[in-house]
Amino acid sequence: MTKRHTEPIDPLRHTPDGDRSANAVRQQARADFHAAPSVDSLWAAIRAFAGYPFRTMQGLAFTYAMKPNRHGEPGNEIVFSRKEKSITKATVAKAYERARALGGGTLPARVDGPKKLGVFGASYLYPVLVHLGVITRGETENSGGA
């Protein structure tokens with residue numbers, strides 16, 4: 001049995017355009033998502049924003065990294081700096097579909113706080129999804145949820 005990589009990695013090292021700045025890669029990934037919204041294009045944007053600083057609704061600073069797969073490449077899990085557990089691409093897909101449903105199928109959807117997403121790690125996913133333009137912040141909820 002081979003030893004699995006467990007240290008989070010920077011997916012920007014794995015981009016074909018290694019000479020472009022991280023900001024350019026991130027903005028292109030966000031634009032690609034908006035041009036063709038899907039779980040896969042959202043996941044690509046999430047991968048591009050690994051290491052970017054975010055804040056929860058309660059103001060707690062965090063970043064995230066992609067947990068590598070068994071080949072050492074960016075995998076299908078996100079590891080948040082403030083949490084010991086990771087969330088999977090499937091959880092992100094569930095949050096994305098829930099946001100679309102709350103928005104009547106249109107993006108960005110208005111979502112009144114992380115709890116409305118109804119997924120594990122929502123207090124961390126919520127600001128990421130806001131930043132990527134999947135959702136807009138609602139006015140009624142002021143605290144984070146998990």
Side-chain angles (χ1 to χ4, degrees), residues 3-100 102-103 107-146:
K3 184 178 177 185
R4 295 188 78 166
H5 297 272
T6 57
E7 287 298 311
I9 56 174
D10 179 1
L12 294 179
R13 289 185 311 153
H14 296 273
T15 61
D17 307 34
D19 58 338
R20 291 198 310 166
S21 73
N23 189 49
V25 171
R26 289 174 173 144
Q27 297 314 315
Q28 185 61 53
R30 186 184 351 211
D32 291 347
F33 167 71
H34 285 283
S38 69
V39 171
D40 288 334
S41 62
L42 173 60
W43 189 252
I46 286 173
R47 283 179 53 180
F49 276 87
Y52 188 86
F54 291 94
R55 290 198 174 272
T56 66
M57 297 249 329
Q58 294 177 335
L60 301 173
F62 71 93
T63 61
Y64 64 85
M66 307 309 293
K67 187 173 181 180
N69 63 21
R70 63 184 170 171
H71 305 292
E73 299 164 349
N76 288 329
E77 290 183 73
I78 302 170
V79 180
F80 291 97
S81 60
R82 299 188 64 89
K83 224 168 173 40
E84 290 185 22
K85 296 188 177 186
S86 62
I87 62 166
T88 64
K89 183 178 178 180
T91 300
V92 172
K94 184 177 177 183
Y96 173 69
E97 294 303 329
R98 177 77 174 134
R100 284 180 55 94
L102 289 169
L107 296 177
R110 180 178 170 187
V111 179
D112 294 332
K115 290 180 183 179
K116 299 292 184 185
L117 292 175
V119 297
F120 176 78
S123 58
Y124 297 98
L125 276 179
Y126 186 83
V128 173
L129 296 178
V130 168
H131 189 76
L132 294 175
V134 176
I135 58 179
T136 58
R137 285 194 163 111
E139 303 291 327
T140 61
E141 189 169 319
N142 197 8
S143 63

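Everything numeric in this text was worked out from a predicted model, so none of it was measured.
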**Report entry** Results of side chain to side chain contact (heavy atoms under 4.5 Å, CB included) for Ser41 - residues two or more places apart only
**Finding:**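 Side chain to side chain contact (heavy atoms under 4.5 Å, CB included) check on Ser41 returns Phe33, Ser38.
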Query raised in the report: Considering residues at least two apart in sequence or located in another chain, which fulfil the side chain to side chain contact (heavy atoms under 4.5 Å, CB included) criterion with Ser86?
Result: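 So Ser86 forms a side chain to side chain contact (heavy atoms under 4.5 Å, CB included) with Glu77, Val79.
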Requested in this report: Start with the C-alpha gap between Val128 and Tyr52, add the side-chain angles, then the distance that decides, and say whether side chain to side chain contact (heavy atoms under 4.5 Å, CB included) holds.
Outcome: CA-CA 10 Å; Val128 173; Tyr52 188 86; over 6 Å; no
Inter-residue atom distance [X].[atom1] - [Y].[atom2], 0.5 Å rounding:
{"X": "Arg100", "Y": "Glu97", "atom1": "CZ", "atom2": "CD", "value": "6.0 Å"}
{"X": "Asp112", "Y": "Thr136", "atom1": "CG", "atom2": "OG1", "value": "8.5 Å"}
{"X": "Phe80", "Y": "Phe54", "atom1": "CZ", "atom2": "CZ", "value": "8.5 Å"}

Report task. Return yes when atom NZ of Lys89 has more than 12 non-hydrogen atoms of other residues, nucleotides or ligands closer than 6.0 Å, and no otherwise. Result ->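 For Lys89, atom NZ is crowded (more than 12 foreign heavy atoms under 6.0 Å).
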Could you tell me which non-hydrogen atom of [X] sits nearest to which non-hydrogen atom of [Y], and how far apart they are?
{"X": "Tyr124", "Y": "Phe62", "value": "O-CZ, 3.4 Å"}
{"X": "Gly51", "Y": "Arg26", "value": "C-NH2, 4.0 Å"}
{"X": "Ala44", "Y": "Ala29", "value": "O-CB, 4.2 Å"}
{"X": "Val134", "Y": "Ala99", "value": "CG1-CB, 4.3 Å"}
{"X": "Arg55", "Y": "Arg137", "value": "O-NH2, 4.3 Å"}
{"X": "Tyr126", "Y": "Val111", "value": "OH-O, 2.6 Å"}

Requested in this report: Show the numbers, then the answer: is there a side chain to side chain contact (heavy atoms under 4.5 Å, CB included) between Phe120 and Lys94?
Outcome: CA-CA 10 Å; Phe120 176 78; Lys94 184 177 177 183; over 6 Å; no
Quick check: do [X] and [Y] have side-chain heavy atoms less than 4.5 Å from each other?
{"X": "Lys116", "Y": "Leu102", "answer": "yes"}
{"X": "Asn76", "Y": "Asn69", "answer": "no"}
{"X": "Ile78", "Y": "Thr91", "answer": "no"}

**Report entry** Those residues that, when tested against His34, pass ring pair (Phe, Tyr, Trp, His ring centres under 6.0 Å) (two or more places apart)
**Finding:** none
Query - side chain to side chain contact (heavy atoms under 4.5 Å, CB included) between Arg82 and Leu60, intermediate numbers included - result: CA-CA 9 Å; Arg82 299 188 64 89; Leu60 301 173; 3.7 Å; yes
Query raised in the report: Hey, which of Leu107, Leu125, Val130 is the one that makes side chain to side chain contact (heavy atoms under 4.5 Å, CB included) with Ile135?
Result: Val130
